[in-house]
Student: 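Shown below is the structure under consideration.
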Amino acid sequence: MPDEAFARPRDGVGGFDPPPRPQPAPARTPAPTPAQQAAFGRPAAVQGGFAGDRPLPPARPLPPPPPEAVLRAFAPAPGQGGLQEPPGGRPGRRRTATGPWWKSDARSDPWRDPHAPAGLTGPAVFEEPEQQTGPVVVDAKGRRRLRLADVSIRLAVLALLAVLLTGLVGGAAGYWLTRTADESPLLAPGTQLSETDEGIAREPGSVSDIASRVTPAVVSVEVRIGEAGATGSGVVIDGANGYIVTNNHVISGADGVEGAEIRAVFSDGSGSAARIVGRDPASDLAVLKVEKPGLLTAALGRSDGVVVGDPVVAIGSPLGLASTVTSGIVSALDRPVRLAGEGSDTNAVISAVQTDAPINPGNSGGALVNGAGEVIGINTAIASLGGGSVGLGFAIPVDTVRDISEQLISTGRAVHASLGVNARSVTDGTRDGALVVNVEPGSAAAEAGIREQDVVIAVEGEPVGSSEELVVAVDAHDPGETISLEVVRGSSSTTVEATLDEA
């Protein structure tokens with residue numbers, strides 16, 4: 001149909017807009033009724049409004065003139081009134097329908113000009129898809145599809161019959177095989193399982209290698225006193241003569257008690273009665289003797305060859321479980337540890353080897369062994385909150401074990417040096433030390449002029465940070481030796497010489 005049939009008249013007036021509607025006549029307000037006049041009207045005695053005698057609000061105060069600095073900053077320039085020109089100058093005239101924002105097609109764009117005339121466009125054109133015949137068609141991505149609507153009924157029936165026939169044949173075959181197959185016998189006499197001819201290689205220095213070499217030299221120590229009993233561990237240090245080292249707190253309860261029995265049980269399960277050769281409460285060491293020939297002697301190492309991080313193996317009888325092996329590393333050296341065995345006369349301070357190898361009650365007196373299979377300490381204590389191992393075990397260094405054991409085997413007693421003071425650990429926030437609480441009369445400390453309230457901060461030039469470190473430093477020397485001590489007295493420090501006594 002030609003466009004002239006839907007075009008607007010040439011004069012540009014009219015078009016498809018509806019004709020103007022007639023304006024409704026103004027509504028007339030009805031006069032109030034007498035009831036309304038009585039309810040809402042002004043009383044006869046009142047003249048004017050209801051607020052005729054209400055006081056007027058006070059006049060608003062005039063603002064003070066601006067300060068001189070503000071006037072100088074914002075006043076207009078001489079000869080100019082009103083506001084100043086903006087920095088970029090005054091903007092141009094506002095753009096209108098005739099301005100450059102409007103394009104030539106504005107009149108035909110109803111979104112830009114709501115009064116623009118409407119225009120019709122051509123109909124939407126859709127591309128007809130290519131008609132494909134047959135049950136197999138190709139989609140837009142080139143994939144072949146099966147169109148079930150075009151599959152003939154005969155072909156569908158044949159496919160269904162084929163599926164049913166295949167299922168019947170498979171089910172019948174499975175049923176026949178399960179009914180006719182013979183079951184295998186439940187028992188097979190003479191069966192031999194496969195085994196490998198290659199042995200497991202255990203490298204020298206491995207935990208298994210160390211355990212196989214040292215475990216025969218570690219014994220379980222059983223103590224029985226009447227109906228009570230306790231267990232610990234021990235290490236054979238002289239197999240030819242039957243000497244075994246253990247902790248003093250393991251066997252001290254049986255010393256001098258009539259009817260008490262001490263027995264050493266070896267790794268092969270055999271046992272032998274043991275006698276106390278000597279014990280030293282000041283180092284928590286004791287030596288036993290058994291009458292059993294052919295004992296394997298443990299190799300004793302040296303303390304100066306031990307460093308933090310060395311792998312170690314702990315061997316003993318924790319919780320009464322003989323020949324138990326645990327492993328770890330040396331986690332610290334020269335750790336001052338005070339030992340006070342419950343039910344024992346042990347009162348010792350040792351410079352311990354600290355290890356994270358699990359140590360439990362019953363490991364006391366057992367061996368702490370390095371990677372070469374050498375004993376580097378005798379396990380003696382654990383740090384625990386509840387009585388079990390938490391990865392902090394302490395062993396008496398092997399040099400101390402060797403020295404005390406030789407003295408006990410030779411004389412039955414061990415000798416220690418003594419300074420003759422009682423001390424406790426103190427600190428002032430910058431330095432630590434050992435505060436002298438009591439000085440024994442006639443002792444080495446008294447002869448050296450050490451007084452109560454003195455703080456010992458060094459022995460032979462080595463710092464002393466606690467009372468335990470003071471005991472360890474003094475015990476490292478022999479009776480009769482003269483040592484130097486740095487002492488803080490008041491606000492100054494001094495050095496004194498002390499000749500140690502025998503404890």
Student: At their closest point, which heavy atom of A352 faces which heavy atom of P397, and how far apart are they?
Tutor: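 Looks like CA-CD, 4.4 Å.
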
Student: Rounded to the nearest 0.5 Å, how far does CG of D345 lie from CG of D280?
Tutor: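 Going from the CG atom of D280 to the CG atom of D345 covers 9.5 Å.
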
Student: Could you walk me through whether S331 and D356 pass the side chain to side chain donor-acceptor pair (under 3.5 Å) test, one step at a time?
Tutor: CA-CA 6 Å; S331 55; D356 68 346; 5.7 Å; no

Student: Taking only Lys NZ, Arg NE, NH1 and NH2, and the carboxylate oxygens of Asp or Glu, determine whether E502 and R413 approach each other closer than 4.0 Å.
Tutor: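 Judged by the 4.0 Å cut-off on N to carboxylate O distance, E502 and R413 do form a salt bridge.
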
Student: Minimum heavy-atom separation for S418 and A444, please, with both atom names.
Tutor: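 Looks like O-CB, 4.1 Å.
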
Student: Please report the interatomic distance CG(L321) to CG(N360), rounded to the nearest 0.5 Å.
Tutor: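 These two atoms lie 9.5 Å from each other.
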
Student: Which value, rounded to the nearest 0.5 Å, describes the distance between N379 atom CG and T326 atom OG1?
Tutor: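 Answer rounded to 0.5 Å: 7.5 Å.
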
Student: Minimum heavy-atom separation for A498 and L485, please, with both atom names.
Tutor: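 Here A498 and L485 meet closest at CB-CD1, 3.7 Å.
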
Student: Which residues pass the side-chain hydrogen bond (donor to acceptor under 3.5 Å, both in side chains) test with T380, sequence neighbours left out?
Tutor: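 Testing T380 for side-chain hydrogen bond (donor to acceptor under 3.5 Å, both in side chains), a comparison that skips the adjacent residues, returns N247, D284.
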
Student: Can you find a side-chain donor-acceptor pair between S344 and S252 that sits under 3.5 Å?
Tutor: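 The answer is yes; a qualifying pair exists.
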
Student: Taking the side chain as everything from C-beta on, heavy atoms only, tell me whether V488 gets closer than 4.5 Å to D454.
Tutor: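 Sidechains of D454 and V488: no contact.
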
Student: Taking the side chain as C-beta and beyond, is there a heavy-atom pair between V250 and T231 under 4.5 Å?
Tutor: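 Not in contact.
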
Student: Return the CD to CG distance between E447 and D501, rounded to the nearest 0.5 Å.
Tutor: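 If we round to the nearest 0.5 Å, E447:CD and D501:CG are 8.0 Å apart.
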
Student: Hey, is D399 close enough to R402 for a salt bridge, meaning N to O under 4.0 Å?
Tutor: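 Here D399 pairs with R402 in a salt bridge, since their nearest N and O are under 4.0 Å apart.
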
Student: Quick check: are there more than 12 heavy atoms from other residues, nucleotides or ligands sitting under 6.0 Å from CZ of R213?
Tutor: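 Enclosed: over 12 neighbouring heavy atoms sit under 6.0 Å from CZ of R213.
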
Student: Taking the side chain as every heavy atom from C-beta outward, state whether L368 and V375 have any pair of such atoms under 4.5 Å apart.
Tutor: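 The answer is no; the side chains never approach within 4.5 Å.
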
Student: Less than 4.5 Å apart, any side-chain heavy atom of L333 and any of V306?
Tutor: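 Contact flag for L333/V306 side chains = yes.
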
Student: Test S484 against T495 for side chain to side chain donor-acceptor pair (under 3.5 Å), laying out the working first.
Tutor: CA-CA 7 Å; S484 62; T495 302; over 6 Å; no

Student: Quick one: does any side-chain atom of N248 pair with a main-chain N or O of I251 as donor and acceptor, under 3.5 Å?
Tutor: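 No; judged by distance alone, with no hydrogens or angles, the pair does not exist.
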
Student: Look at the side chain of S327 and the backbone N and O of V313, then say whether any donor-acceptor pair between them is shorter than 3.5 Å.
Tutor: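 A pair under 3.5 Å: no.
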
Student: Specify the closest pair of heavy atoms between G420 and S443, including all atoms of both residues, with the distance to one decimal.
Tutor: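 Taking G420 first and S443 second, the nearest heavy atoms are O-OG, 3.4 Å.
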
Student: For G465, does its backbone N or O pair with a side-chain atom of E469 as donor and acceptor, under 3.5 Å?
Tutor: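 Checked: pair present.
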
Student: Taking I396's backbone N and O only, do any of them form a donor-acceptor pair with T400's side chain (distance below 3.5 Å, no angle check)?
Tutor: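 No; judged by distance alone, with no hydrogens or angles, the pair does not exist.
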
Student: Could you pull out the closest heavy-atom pair between D475 and A417, with the gap in Å?
Tutor: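 Residues D475 and A417, closest heavy atoms: OD1-N, 4.3 Å.
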
Student: Search all heavy atoms of E468 against all heavy atoms of V349 and return the closest pair with its distance.
Tutor: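 Smallest heavy-atom distance, with atoms named: O-CG1, 3.6 Å.
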
Student: Rounded to the nearest 0.5 Å, how far does CD1 of I457 lie from CG of D432?
Tutor: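 The CD1 atom of I457 is 10.5 Å from CG of D432, to the nearest 0.5 Å.
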
Student: Is the backbone N or O of L500 less than 3.5 Å from a side-chain atom of T482, with the two atoms forming a donor-acceptor pair by type?
Tutor: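 No.
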
Student: Just checking, is any N or O donor in the side chain of D209 or S206 under 3.5 Å from an acceptor N or O on the other one?
Tutor: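 D209 vs S206: no donor-acceptor pair found between side chains.
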
Student: Would you say S233's side chain and S317's backbone share a donor-acceptor pair under 3.5 angstrom?
Tutor: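 Looks like yes, one N/O pair under 3.5 Å.
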
Student: Can you sort out the partners of T430 under side-chain hydrogen bond (donor to acceptor under 3.5 Å, both in side chains), two or more places apart, ordered by chain and number?
Tutor: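 Expected list: D428.
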
Student: Look at atom CZ of R338 and say whether more than 12 heavy atoms of other residues, nucleotides or ligands are closer to it than 6.0 Å.
Tutor: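 Above 12, so yes.
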
Student: Side-chain contact test, heavy atoms from C-beta onward, threshold under 4.5 Å: evaluate it for V459 versus I483 and give yes or no.
Tutor: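 The answer is yes, as the side chains (C-beta and beyond) meet within the 4.5 Å cut-off.
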
Student: Donor-acceptor pair, distance only, cut-off 3.5 Å: does the side chain of N438 make one with the backbone of N422?
Tutor: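 Such a contact is absent between N438 side chain and N422 backbone.
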
Student: Set out, in order, the CA-CA distance, both residues' side-chain angles and the distance that settles side chain to side chain donor-acceptor pair (under 3.5 Å) for H416 and D478, then state yes or no.
Tutor: CA-CA 7 Å; H416 296 273; D478 295 328; over 6 Å; no

Student: Rounded to the nearest 0.5 Å, what separates atom OG in S364 from atom NE2 in H249?
Tutor: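 Between atom OG of S364 and atom NE2 of H249 there are 3.0 Å.
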
